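Below, all heavy atoms of this structure are taken into account, side chains as well, without hydrogens, waters or symmetry copies. Computed from a predicted structure; not experimentally measured.
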Amino acid sequence: MGNAPAPIPESDEALTLRWAERHGIDTARRLVDAENLADVVAREITPDNTIDTYAKSWRVWERFCAAQNFPLTEGTRGSLVAFAVWMLREGRQDGTGYAPTAAKTHLAATAVGLRQRGHPVSKDVFAEARDALDGLAVQLLKAGERRGRGKAVAASVDGLSMIVRACPPDLTGLRDKALVLTGFNFASRASEPAGLLSGDITVQPRGMVVSVLTGKTRYSVREAKIPYSQTPELCPVRAWIAYREQLVAEHGSQWAAPSTPAFVAISRWGKVTGGLGPDGVTRAIKRISARAQMPIMWTGHSLRAGLATEGRRKGKDAVSISRQGGWAPNSREMLGYMRTADEWDDNASAGLT
């Protein structure tokens, strides 16, 4: 630690000069080092999928700036509104427009990217660009144009029954049953079952505990407790035990180790090929719902939406739902799922005629 201080990178010179006037050069260098450490910590605690989103959105911004001959570092009122218009009209690689939800994500991530590069966008400028995008999205709806997949259909208890009945009695069917029932009961994102090891799921006298350690936010990292179900065929605990016992019986005792993937990938020939990744979880849920001939196909987010919707329908409050699913207590996403139940069960027109 007694070596001479490392040279200050060009991007840090302004900070160094400003702080040196007040505190001296040595202190200024230490403060700049602390700033750089803060940047490193921010990168380390940002989920990989968020980093990927920022990178993808910045590439969209780069394409826009190249098409308009705009500088990359100027997030002005006009350029961001023009960006919103361009995304909805022609922003995709094939020349078609993005869905409004995707455009909103790219707009927000671009503002983050500009700030990270030392060119922050003011709140007023960003708000105007976002409002312009929202207004244009309403115009698309009025014109009868709907883009994107829309919201994922929420898993339901009736749907779970259909899926369980359609699962074959082999290892794949047992895995599918455990994946869907367990994922529904802790409101899983597709990435969460993919990140679980078998040791993260422990069976206890009253049920099982799922230790979610790869969450998207600080609320996502949680110990979700799942009780035994009163309906045996829909019981996630019994389904998990049956699946893991069959896995060990067919493929060896090494699969009993707590370091093995909780949910394994199985080939069409019955060979275990490793752990399911997030895309594998999403594909599995789609395939499972298709096999059960669900009226509307489930997606990787259906299990998450389903816990909040069905929980609300059964009278669970926001606190218990948020704790189980790893939402912030006032999460707009969670409250939106809960409103889906309320709109039918607490409806002003219900029972009037």
Side-chain angles (χ1 to χ4, degrees), residues 152-153 155-204 207-214 224 226 228-229 231-304 306-307:
V153 60
S156 65
V157 174
D158 288 342
L160 291 174
S161 296
M162 293 173 63
I163 280 175
V164 165
R165 288 195 296 268
C167 284
D170 59 11
L171 179 61
T172 299
L174 293 174
R175 190 277 317 271
D176 291 348
K177 188 187 301 185
L179 174 65
V180 171
L181 292 177
T182 303
F184 173 83
N185 278 278
F186 76 95
S188 69
R189 300 178 176 90
S191 60
E192 290 176 341
L196 291 173
L197 300 177
S198 63
D200 296 328
I201 301 179
T202 56
V203 177
Q204 300 184 1
M208 65 185 185
V209 178
V210 181
S211 300
V212 184
L213 305 176
T214 56
I226 302 176
Y228 281 94
S229 173
T231 307
E233 71 167 3
L234 296 181
C235 180
V237 187
R238 295 181 178 91
W240 167 257
I241 293 171
Y243 150 61
R244 295 302 297 191
E245 287 180 347
Q246 190 66 24
L247 176 63
V248 171
E250 290 187 14
H251 296 276
S253 59
Q254 69 271 20
W255 288 101
S259 59
T260 57
F263 296 100
V264 297
I266 306 169
S267 72
R268 68 181 66 181
W269 300 281
K271 181 180 179 181
V272 175
T273 59
L276 278 177
D279 290 341
V281 171
T282 297
R283 289 193 298 270
I285 292 171
K286 289 181 178 179
R287 185 174 63 251
I288 292 164
S289 66
R291 183 174 61 208
Q293 299 181 335
M294 301 293 294
I296 303 177
M297 190 80 72
W298 287 9
T299 71
H301 216 69
S302 292
L303 303 179
R304 186 160 179 77
L307 186 279

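By the side chain to side chain donor-acceptor pair (under 3.5 Å) test, Arg238 is found to be paired with no residue, residues two or more places apart in sequence or in another chain being considered. Listed by chain and number, the residues in a side chain to side chain donor-acceptor pair (under 3.5 Å) with Asn185 amount to none (sequence neighbours excluded). Not counting sequence neighbours, Trp298 has no partner by the ring-ring contact (aromatic ring centres under 6.0 Å, His included) test. For Glu245, the side chain to side chain contact (heavy atoms under 4.5 Å, CB included) partners two or more places apart in sequence, or in a different chain, are Ile241. For Ser156, the side chain to side chain contact (heavy atoms under 4.5 Å, CB included) partners are Asp158, Glu310, not counting sequence neighbours. For Glu250, the side chain to side chain donor-acceptor pair (under 3.5 Å) partners two or more places apart in sequence, or in a different chain, are Gln246. For Ser211, the side chain to side chain donor-acceptor pair (under 3.5 Å) test picks out Glu223, with sequence neighbours left out. When the side chain to side chain contact (heavy atoms under 4.5 Å, CB included) test is applied to Ala249, no partner is found at least two apart in sequence or on another chain.
The line from CZ of Phe263 to OG1 of Thr182 is 4.5 Å long, rounded to the nearest 0.5 Å. For the atom pair OG (Ser302) and NZ (Lys286), the distance works out to 9.5 Å, reported to the nearest 0.5 Å. The CZ atom of Arg244 lies 12.0 Å from the CG atom of Leu174; values are rounded to the nearest 0.5 Å. In this structure, Ser188 OG and Leu303 CG are separated by 4.5 Å, a value rounded to the nearest 0.5 Å.
Under the side-chain hydrogen bond (donor to acceptor under 3.5 Å, both in side chains) criterion, the residue pairs touching residues 169-181 are Asp176-Arg291, with sequence neighbours excluded. The side-chain hydrogen bond (donor to acceptor under 3.5 Å, both in side chains) analysis of residues 267-277, with sequence neighbours excluded, yields no pairs.
The shortest heavy-atom contact between Thr260 and Trp255 is OG1-O, 3.4 Å. Between Leu171 and Tyr243, the closest heavy-atom pair is CD1-O, 3.9 Å. Of all the heavy atoms in Ser259 and Ser198, the pair that sits closest is N-OG, 4.3 Å.
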Show the atom names and distances, to 0.1 Å, of all donor-acceptor pairs under 3.5 Å that link a side chain in residues 159-169 to residues at least two apart or in another chain.
from: Ser161; atom 1: OG; to: Val157; atom 2: O; distance (Å): 3.3

